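Every chain is numbered from 1 and lettered A, B, ... according to where its sequence line falls, protein lines coming before strand lines. Since this is a predicted model, take the numbers as computed values, not measurements. Only heavy atoms go into these numbers, but all of them, side chains included; no hydrogens, no water, no symmetry mates.
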Amino acid sequence: MAVAADVPKESFRLSMLIYDTRYRSITIQVVVLLLFGLFLAWLLNNTAQNLAIRGKQFNFTFLWQRAGYDIGQQLIPYTNDSTHFRALLVGLLNTLVVAIFGCVFATILGVVVGVLRLSKNWLVGRLMTVYVEMFRNVPLLLWILLSYVILSETTFEPKDFRVTDEMTAAGGAPAASMILFDTVAVTNRGTNVPAPLFNQHLGTLDLGPLSLNLTFLAYLVVIGGSVWVNRRVVAAARATQETTGVRPVTWWKSILILFAPVIALSLALGLHLEVPALKGFNFQGGILVAHSFTALLIALTLYTAAFIAEIVRSGIMAVSHGQSEAAFALGLRPGRTMSLIILPQALRVIIPPLISQFLNLTKNTSLGLAVSYLDLKGTLGGITLNQTGRELECMLLMMLIYLTISLSISVAMNAYNNSVQIKAR
Amino acid sequence: MAQTSQTDFVRTRMVPPAPPPSGEAGVVKWARENLFSGWFNSILTVAGVLAIWWLLSAMLPWWLNGVWVADSLGQCREIVAAQAGEGASGACWAMVRERWHQFLFGFFPRAEWWRPILAFGLLFAALAPVLFAGQPRRLAILLGGVAAFLLVTLWLAGAPGAVWVFAVVLMAGLSALAQRRPGLLLVFTALYAVFVFWLLWGGSIWSPVSTLLGFALLAAVYRAAVGAVGSSVAAGLGIVAAAVWWLRLGGPVLSIPAGVLDFSLVPVASDQFGGFLLAITIGVTAISCSLPIGILLALGRKSDLLVVKGLSVGFIEFIRGVPLITLLFTASLLLQYFLPPNTNFDIILRVIILVTLFQAAYLAEVIRGGLAALPSGQYEAADALGLDYWRAQRLIILPQALKVSIPGIVSSFIGLFKDTVLVAFVGLYDPLKGVTGIVRSDIDWKGIYWEPYIFVGAIFFVICFGMSRYSMYLERKLKTDHH
Amino acid sequence: MAEAAMKVTDEVAVQITGMNKWYGTFHVLRDIDMTVYKGERIVICGPSGSGKSTLIRCINRLEEHQQGQIVVDGTELTNDLKNIDKVRSEVGMVFQHFNLFPHLTILENCTLAPIWVRKIPKKEAEETAMHFLHKVKIPEQALKYPGQLSGGQQQRVAIARSLCMKPRIMLFDEPTSALDPEMIKEVLDTMIELAQEGMTMLCVTHEMGFAQAVANRVIFMDQGQIVEQNEPKEFFNNPKSDRTKLFLSQILGH
């Protein structure tokens with residue numbers, strides 16, 4: 001590349017575009033860009049022609065038309081008179097809610113299984129290996145379908161829960177009964193769980209299109225405040241340790257600070273559970289969780305947890321044996337060795353693949369289609385698409401939304417990765 | 001020094017090894033160390049035993065009461081009730097006995113079953129030189145296994161005698177080749193890649209021949225031009241020549257010999273494909289096509305050329321950012337917008353293309369990891385040897401990078417193979433949702449769920465678990481190769 | 001050499017009697033009897049697999065022994081966690097592969113155990129750490145991470161890290177065998193200095209020069225047993241057992 005200063009200026013020849021290292025890379029890039037542009041133009045041209053043939057337009061006005069279909073699970077108010085855009089939001093929230101619950105449960109289960117696989121207990125270690133291999137080597141769709149079928153085909157009808165006078169007289173029991181201290185009923189129509197209700201409502205705050213639930217906000221504020229105070233307490237404990245060498249005991253303070261305000265708020269607002277009860281032919285009260293949601297959540301959790309378990313296991317194994325030996329030799333107890341030496345190092349190995357598992361789980365929520373769970377794919381990419389016939393717009397918008405979710409997760413991941421990278425030469 | 005007299009010591013008689021004291025060996029010690037070391041461990045053991053007991057007591061009677069011969073689920077239940085008493089549970093394997101062929105072949109005509117069987121068996125013969133390169137013993141075992149499998153299954157499937165003889169001769173030839181010139185087995189692999197589609201879909205033999213001639217043309221043009229214009233331009237010219245042949249020249253030219261001599265198989269339409277035949281067809285094709293594309297994308301992502309790098313990154317991140325389902329729907333709904341009006345091609349092919357692109361993006365990331373793991377000295381050494389970019393990549397960089405990324409590549413293959421069931425969403429009959437759906441909607445088998453899912457799940461498990469074990473074997477082997 | 005500082009006392013530091021250890025059914029350590037006095041500098045050598053590393057790893061209970069008795073500074077090593085903690089906080093150990101904590105700075109490596117085990121205020125712990133980092137001659141690296149240091153520097157940090165716990169006994173498990181030749185000297189110099197200050201040291205090493213310079217006793221092990229021990233001069237010039245002769249000829253003879 002380096003050209004000496006005294007070299008006489010060469011006259012430019014066409015062949016230099018290919019053979020001269022100075023021009024070669026530019027030539028290649030221009031050619032690639034041209035080819036790509038041509039390809040893109042070809043696609044756009046085809047699309048325009050096809051749209052014209054079908055007499056369709058390309059715009060997103062349909063999003064503000066009446067949707068006209070119902071969605072079983074809705075986290076924000078929605079009726080079939082709402083717009084397609086509103087349906088999209090409901091679907092997006094349904095995607096996110098199953099993804100968030102799935103990530104939390106899968107992480108908990110995965111960490112437990114991963115640690116148990118490393119445990120010295122031979123039997124439990126083997127059992128966990130069987131679990132991990134079984135779930136990793138069979139398609140996720142199977143677990144979704146199987147959970148759904150079991151939930152909806154092996155459970156009883158609501159009427160089977162009824163206790164009739166004849167039964168009491170004869171000392172018999174109904175075919176089915178509620179579980180968890182008679183608060184949860186799993187029927188073939190869904191799972192009835194208790195609903196949290198308040199005696200006092202703080203009302204809602206209307207901000208134009210958005211309406212904020214003040215009760216919800218109050219909880220957020222109280223929890224945020226408790227967490228902040230707790231961090232102060234822990235920081236104070238660390239400061240005491242640094243000056244005196246002795247770390248004050250803080251766990252009971254933490255528990256008090258984290259839980260007492262929330263409990264107090266709940267008591268003040270009169271929080272109580274509305275337990276579902278059999279009235280007539282169906283359960284009334286409480287919340288009816290659709291089997292599609294439960295099945296999807298169970299399957300995603302079990303499937304992803306198997307992968308997370310492997311990540312956790314290999315992360316902990318990646319920290320060399322010498323690290324814990326060195327810590328032991330310095331007199332650290334196993335618990336402290338884990339929290340000060342092993343975990344900080346293992347987490348650096350674990351977190352990047354863990355987040356990509358979260359990403360996979362989020363994308364896999366789209367398999368809810370198999371059990372008619374109305375997530376983003378079900379609303380925007382399903383019913384809206386079929387009703388309006390706007391394949392191009394719906395698909396592009398849906399891909400864009402998924403892409404946004406994925407990219408924001410990976411941006412966060414990269415930022416984290418850069419911040420914890422162990423320094424080496 | 002004070003302890004000189006004490007310091008001085010010489011052992012005159014060596015201590016022979018002694019057995020460990022009792023309680024330090026054997027079952028008791030093993031159990032104490034592995035099951036009951038500490039109270040927490042003991043609780044775990046008890047919990048584990050309880051879990052196993054609970055699972056077995058729920059499952060064992062169901063397995064043991066399984067019924068193999070019955071016409072419907074209702075009949076199964078009657079038989080179980082008659083044998084094991086009222087209220088007993090029992091598996092109804094009679095469904096598998098009656099419908100296994102749909103799980104394996106979909107609606108592939110019964111008389112033509114020998115074709116997927118032959119394709120499946122020969123798949124391993126074609127893979128053999130790739131899987132066990134340089135290990136004649138394992139190669140021989142694998143080829144022998146394939147031969148035995150083909151002889152039995154082809155006979156069971158009622159294949160025409162000529163096919164049976166053909167399989168015998170072919171396998172004998174391949175085995176002989178494996179012992180004499182194992183390198184030539186790769187020629188069979190290449191031929192297999194071209195002819196297997198003809199074997200499955202049927203039609204005139206001249207269409208795979210045309211495909212083959214196109215590739216030959218590509219290679220010839222590349223060879224001729226590479227000296228004059230460099231490898232990338234030569235490859236471009238080759239591809240143009242092959243495309244011209246496939247799209248314009250091939251048909252008319254080959255219609256001449258086809259008029260004289262034609263040999264064709266009964267055509268099978270794509271909607272007759274289903275079950276594991278479909279899953280394996282899509283999986284294997286996408287896996288083999290995605291590897292080269294994935295390599296190119298990984299190299300593109302590492303390239304110094306900004307445009308190439310930008311396009312590769314954009315493609316990879318786009319594909320990895322959206323669920324596979326949306327890409328499959330793109331294949332079934334959107335491709336008709338992007339292609340010239342009135343182009344309409346096979347849905348399986350469309351799905352394969354999208355799945356291949358999907359897989360390539362994931363592979364690119366895996367291979368990028370392998371490339372990043374290489375010490376920079378390797379690149380410098382390649383430069384110092386005066387190799388051009390493509391030669392350096394092919395001879396020095398890629399072989400090492402691919403070796404490092406094998407575990408990642410295989411686990412991404414496993415992921416792809418499991419994902420093939422998603423083609424159910426675009427109306428194809430995958431084994432899991434498609435075929436099971438058909439079986440479960442049959443009035444005879446309505447309400448059956450454990451049996452089909454266990455059957456399909458077990459087959460998936462065997463294939464995926466096998467792949468992951470093979471990758472572990474390869475990892476071990478590569479490790480020992482180096483040290 | 002500062003002979004006065006290198007005086008050996010009559011006080012017992014480590015007493016091992018009739019100790020046996022098995023890995024499964026493999027008999028690694030056989031009938032070990034050994035007394036280490038305060039201020040002694042013992043070099044343990046022997047062919048690989050002779051059990052020498054296992055022996056010193058038993059002294060701070062990184063390995064469990066199955067028979068016999070190990071008493072360290074008056075504390076017997078049993079399953080009692082209190083005893084193990086006590087012994088470990090009094091016995092420092094330096095490993096072949098340094099085993100520094102890569103996620104902590106050099107200073108944090110040195111203050112971790114004093115803060116969490118000895119419950120020393122952070123400031124004081126940092127002062128002690130800087131003192132020992134000065135001693136091993138790398139105070140300027142205190143805020144770097146282990147990965148940024150050379151092997152020799154890392155091993156010196158590892159020595160400083162152990163010293164920060166103010167141990168009475170130091171164990172060295174082949175401290176120089178993972179180092180490049182040019183870095184061995186800087187580590188040996190540090191160890192020699194430590195010996196001259198009267199530290200009780202047990203050192204598994206093949207550095208015979210080091211043994212001749214500072215050791216007051218050399219122990220030769222083979223097949224899990226102590227085959228010969230003597231003061232260095234006698235040991236090297238006049239080995240008694242055939243196994244010792246063979247070993248010395250292999251290690252010095254090339």
Side-chain angles (χ1 to χ4, degrees), chain B residues 1-46 48 368-381 401 404 407 475-476 479-480 482-483, chain C residues 3 6-12 18-42 50-51 64-68 79 215-235 238-245:
Chain B
M1 296 213 180
Q3 285 82 27
T4 313
S5 58
Q6 186 268 333
T7 316
D8 193 8
F9 168 84
V10 182
R11 187 175 288 282
T12 45
R13 203 180 58 84
M14 294 296 276
V15 183
S22 65
E24 292 293 340
V27 182
V28 179
K29 178 184 154 82
W30 182 87
R32 213 178 58 207
E33 275 185 359
N34 295 295
L35 298 176
F36 302 104
S37 64
W39 58 271
F40 182 67
N41 221 339
S42 309
I43 293 177
L44 280 183
T45 305
V46 172
R368 182 171 75 120
L371 287 173
L374 280 197
S376 60
Q378 294 295 323
Y379 292 91
E380 287 158 15
V404 179
E475 233 179 307
R476 271 202 309 277
K479 246 183 213 154
T480 48
H482 281 288
H483 297 292
Chain C
E3 275 295 334
M6 293 177 74
K7 189 167 162 45
V8 175
T9 65
D10 288 337
E11 235 180 303
V12 175
M19 195 258 274
N20 277 286
K21 173 170 177 58
W22 286 265
Y23 282 134
T25 55
F26 178 62
H27 200 175
V28 253
L29 291 177
R30 305 176 196 169
D31 293 352
I32 303 286
D33 286 298
M34 181 172 148
T35 309
V36 180
Y37 294 92
K38 286 239 164 82
E40 272 204 287
R41 295 138 335 254
I42 298 178
S50 58
E64 221 172 291
H65 61 280
Q66 278 103 26
Q67 262 181 7
N79 282 320
N216 68 313
R217 187 153 40 125
V218 180
I219 293 179
F220 173 70
M221 286 184 71
D222 195 9
Q223 293 182 6
Q225 44 211 303
I226 296 177
V227 173
E228 181 166 349
Q229 57 170 314
N230 214 330
E231 54 184 283
K233 213 187 243 169
E234 273 294 293
F235 180 83
N238 192 13
K240 308 249 176 358
S241 125
D242 291 340
R243 287 168 187 274
T244 317
K245 284 176 198 160

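- Here C/Gln225 is the residue among C/His27, C/Lys21, C/Lys240, C/Gln225 with the most heavy-atom pairs under 4.5 Å with chain B.
- Scanning all heavy atoms of the two residues, the minimum distance from B/Pro20 to C/Gly24 falls at CG-O, 3.7 Å.
- Counting all heavy atoms, side chain and backbone alike, B/Met14 lies closest to C/Asp222 at CE-O, 3.8 Å.
- When heavy atoms are compared at a cutoff of 4.5 Å, C/Ile219 does not approach chain B at all.
- Under the 4.5 Å side-chain criterion, counting only non-hydrogen atoms from C-beta, C/Gln223 is not in contact with B/Val15.
- Between C/Arg243 and B/Arg11, the closest side-chain pair of non-hydrogen atoms is not below 4.5 Å.
- Of the atoms belonging to B/Pro17, heavy atoms from both backbone and side chain fall under 4.5 Å from chain C.
- Residues B/Pro16 and C/Arg30 approach most closely at C-NH1, 3.9 Å, considering heavy atoms.
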